[in-house]
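Because only heavy atoms are used, hydrogens play no part in the values below, and waters and symmetry mates are left out as well, while side chains stay in.
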Amino acid sequence: MTDAPLLAPGNTGSARPGSSDHSDADLLAGLNPQQLDAVTYRGSALLIVAGAGSGKTSVLTRRIALLLRRREAWPSQILAITFTNKAAGEMRERVAQLVGDVSRGMWISTFHSACVRILRREAERFGFTKAFTIYDSGDSRALIKRLVKEHEADAFGFTPAAVQSRISKLKNELQDAESFARQANLADPAERVFSEVFGDYQRSLQKANAFDFDDLIGQTVFLFRAFPEVADTYRRRFRHILIDEYQDTNHAQYSLIHELTRPLSGKGAAPEPYASNGMMIFEPEPQTAPDAGGEGASLTVVGDSDQSIYAFRGADIRNISEFERDFPGAKVVLLEQNYRSTNNILQAANAVIGNNFDRKEKKLWSDRGAGEKIVGFTGYSQHDEAQFVADEVDALHRDGMPYSEMAVFYRTNSQSRALEEILIRAAVPYKIMGGTKFYERAEIKDALAYLVAVANPADDMAVRRILNRPRRGIGDVTETTIARFAEEHELSFRDALAHPAELGVGPKIQAAIGQLDAVLTEASAIMLPATGDVPPPTVVAEGLTLLLSKSGYMDALRASRDPQDEARLENLDELIAVTREFARNNPEGTVADFLTEVALVSDADDLDDSSGVVSLMTMHTAKGLEFDAVFVTGVEEDLIPHRISAGEPGGPQEERRLFYVGITRARTRLHLSLAMTRAQFGEVSVAMPSRFLQEIPAELIDWRQSPGDINSRGSRTLGGRGGFGGSGFGGSGRDRFAPRELAKSDRLKPLSTAMDKFPNRVTGKVRDNGDLELSAGDRIRHDDFGEGRVDQVTGEGAKRVAHVRFDSAGMKKLLIKIAPITKL
DNA sequence: CCGTGGTCAGTTTTT
DNA sequence: CTGACCACGG
């Protein structure tokens with residue numbers, strides 16, 4: 001990689017270290033005093049506490065740009081860590097806009113990507129090869145499942161998922177199988193079996209030349225601690241380390257940062273720049289760069305403990321709250337001015353987050369005016385709620401707001417279904433971020449397993465996966481036979497395939513195995529050329545095409561009568577398109593590089609061209625994004641806060657932060673909606689408004705239809721808006737559903753919260769038909785739908801549902817307990 | 001060894 | 001209501 005010019009075109013003025021002449025003006029323009037401080041402060045450690053929407057990305061990018069512009073740092077000396085690949089891409093782009101092309105020399109990536117880069121270069125030091133594969137959660141779960149079965153750990157109540165999450169937690173605390181075994185109570189048989197599974201899991205990974213997600217971080221820390229001279233190489237290289245979303249770092253990541261910012265150990269000779277994989281570890285130190293002199297790198301972290309939402313995967317909020325203790329002499333800058341949202345939205349956000357007790361007081365403010373009120377809506381069902389979203393999106397769009405400026409959030413992925421159904425019907429273009437992930441589809445995993453089998457033949461899991469895909473008549477028995485043969489001859493599973501005749505299996509199966517072996521060998525010849533050869537950029541695309549065609553995989557799908565297989569073929573075509581794209585962006589990319597990229601992409605990353613469509617995503621995925629209009633849906637108890645969080649220490653508080661993250665994404669229009677009933681697993685149940693709603697001052701919310709409306713008067717919802725139309729609801733009738741009592745109670749108790757008109761207080765008054773007995777054939781009257789005949793009754797107790805054929809409104813399902821109905 | 005049919009289970013967030 | 005998994009019968 002050639003060094004890009006240090007200075008941006010048009011900025012060839014005399015930028016000397018420390019100088020701040022006119023050429024910096026553009027970088028410092030428009031910053032408030034705190035932001036300016038955050039951009040220009042120089043010292044060993046800086047914590048930027050950046051409230052939502054306070055311009056932290058801008059601060060971070062300008063800080064980097066300034067370092068480069070003033071020649072305080074060479075691009076290669078900068079390591080910036082972001083939370084997602086997408087954020088990394090954006091940051092690189094923004095720095096490039098400020099200072100030109102130099103961004104290419106910097107490391108701007110996620111923790112995981114950075115560690116992969118380091119590990120690829122150093123893996124050989126501790127028993128791996130640089131072709132190692134990365135196990136995603138699905139891969140490790142599959143492996144753990146096998147081990148759980150082998151150890152009969154399920155007898156002790158261990159599910160694969162539980163084992164996986166426990167191992168992950170341990171690894172995030174930098175515990176390995178040995179250290180766990182040392183301190184575990186092995187007298188407890190359950191602990192012992194877990195310990196054994198953990199140990200086997202780790203040995204399997206090592207044998208397969210593979211790392212799981214957590215290992216990428218943990219093993220890098222291990223590497224640095226075990227090989228101080230290696231750590232020194234990177235300490236010497238990275239002089240400025242910047243970490244975004246610091247509140248979501250876990251202990252392993254924290255330790256990694258510590259290792260990197262430590263002063264040189266001085267152990268071992270000054271490392272020669274050694275070549276690995278054709279790349280130099282570090283570039284010659286520029287003359288103008290400050291002398292490392294054994295000093296630790298300067299560290300800048302940006303975060304907001306109010307937006308810490310990943311404790312469940314080991315994020316430790318103490319990393320940020322105790323930063324000043326960890327890095328003595330650290331400077332702290334607070335960014336509290338919000339440039340994103342209107343004050344109504346910020347007030348709601350402040351009010352909600354203020355209920356978390358052990359937080360540092362921090363109040364976002366904005367000079368953007370009050371803005372529109374928050375719109376609240378309570379639907380009768382989740383579909384009704386979705387209809388509200390669709391209507392509102394439509395209205396906003398007709399008012400000129402582009403679809404791409406609107407987003408719909410929900411707590412759990414499963415909530416997206418109802419929204420999708422209605423949005424499709426309403427012809428609203430949308431895109432789901434996340435959801436069923438492309439790379440988790442079976443055919444994609446198969447295709448990738450073929451690539452892994454070539455790139456990393458030690459990975460038994462991958463080879464076993466493709467053994468009988470497409471169907472070759474190779475089943476369990478044969479697989480075991482091959483595994484045993486491999487063990488006996490100290491071969492890898494992959495290499496055992498080269499000896500079909502010695503396996504003692506039938507001729508047909510021998511032929512099948514031989515054929516697979518031949519395809520893999522042929523692909524290897526293309527994709528893994530002898531060292532020295534420079535393969536064409538398209539190796540991966542060609543190799544994949546060859547593997548899929550000569551293995552018969554494609555043919556099998558084409559021959560199939562299953563209509564789904566057509567879609568699978570299309571998916572594979574798309575994957576091949578991805579490899580072409582990869583070749584374009586990485587002319588020297590290897591198979592391993594491609595697999596790395598694929599393994600580390602996340603949901604939030606494929607945001608690329610959501611041009612012109614509404615974005616649907618979970619609140620987690622929404623972190624770091626912003627939209628003009630935001631719909632937070634399903635604001636119900638047991639959903640947000642999620643039921644499962646209730647039992648976990650700190651759970652409800654984390655949920656509150658998540659809700660806070662959701663509402664602070666909105667610039668001008670915030671909608672909070674919920675449903676009074678929600679169907680989950682085909683069963684309908686009653687939903688209660690989230691406790692977080694009552695934390696928002698009532699005067700900030702304009703209820704189109706409040707929970708009280710539905711409870712005290714029965715469903716208004718479907719009556720006025722039923723079926724398809726629903727138009728005419730969005731706006732004109734704004735006050736139509738405002739409860740009469742509201743005005744009065746507001747005047748009497750101005751500080752009252754929205755919950756005053758809520759059912760929590762009114763629970764007793766929720767419409768309750770008791771155990772109204774209905775059976776097929778009964779005639780009933782519904783407040784909105786009129787008269788109808790009961791078709792059938794399903795469910796038990798409070799969840800009994802009547803399927804009613806209304807004379808004019810058609811078929812409806814009604815929850816008998818609360819539906820506004822009477823028996824005739 | 002393959003496909004079917006049936007049972008069963010599990011439902012939070014993700015690099 | 002889905003999807004994964006298992007046991008059975010061809």
(message) Quick check: on DNA chain B, is the nucleotide nearest T159(A) upstream (toward 5') of the one nearest F213(A), or the reverse? Name the residue that is more 5'.
(response) T159(A)
(message) Centroid separation under 6.0 Å, is that true for the rings of F312(A) and H642(A)?
(response) no
(message) Please determine whether a side-chain nitrogen or oxygen atom of T478(A) lies at a distance below 4.0 Å from atom OP1 or OP2 of dC1(B).
(response) yes
(message) Just so I know, are the side chains of H251(A) and K171(A) near enough to count as touching, which here means a heavy-atom distance under 4.5 Å?
(response) no
(request) Examine dT11(B): is either OP1 or OP2 under 4.0 Å from a nitrogen or oxygen in the side chain of T412(A)? Give yes or no. (result) no
(request) Using the six-membered ring for Trp and the full ring for Phe, Tyr or His, decide whether F312(A) stacks on the six-membered base ring of dT12(B) (centres under 5.5 Å, planes under 30°). (result) no
(message) Can you tell me how the ring of Y310(A) sits relative to the ring of F83(A), calling it parallel under 30°, perpendicular over 60° and tilted otherwise?
(response) tilted
(message) Under a 4.0 Å threshold between the charged nitrogen and the carboxylate oxygen, would E385(A) count as salt-bridged to R678(A)?
(response) yes
(request) Check whether the side chain of H112(A) and the base of dT15(B) form a donor-acceptor pair under 3.5 Å. (result) yes
(request) Respond yes when some side-chain nitrogen or oxygen of K149(A) is under 4.0 Å from OP1 or OP2 of dC6(C), and no when none is. (result) yes
(message) If you only use heavy atoms from C-beta on, which nucleotide in dT13(B), dT11(B), dT15(B) is closest to the side chain of I644(A)?
(response) dT11(B)
(message) I'd like to know if R657(A) pairs up with D306(A) as an ion pair, taking the criterion as any Lys NZ or Arg NE/NH1/NH2 lying under 4.0 Å from an Asp or Glu carboxylate oxygen.
(response) no
(request) Using heavy atoms to find the nearest nucleotide of DNA chain B for F111(A) and E479(A) separately, return the residue whose nucleotide is more 5′. (result) E479(A)
(message) Can you see if the side chain of N85(A) gets near the phosphate of dT15(B) - specifically, an N or O under 4.0 Å from OP1 or OP2?
(response) no
(message) For a quick test of reading the model: is some side-chain N or O of N250(A) closer than 4.0 Å to OP1 or OP2 of dT15(B)?
(response) no
(request) Please check the phosphate of dT14(B) (OP1 and OP2 only) for any side-chain N or O of T621(A) closer than 4.0 Å. (result) yes
(message) OP1 or OP2 of dG3(B) versus the side-chain N and O atoms of R471(A): is any pair under 4.0 Å?
(response) yes
(request) Taking Watson-Crick and G-U wobble pairs with both distances under 3.5 Å, convert DNA chain B into its dot-bracket string, 5' to 3', dots for unpaired and | for cross-strand pairs. (result) |||||||||......
(request) Measure centre to centre between the rings of F692(A) and Y660(A), then say whether the value is under 6.0 Å. (result) no
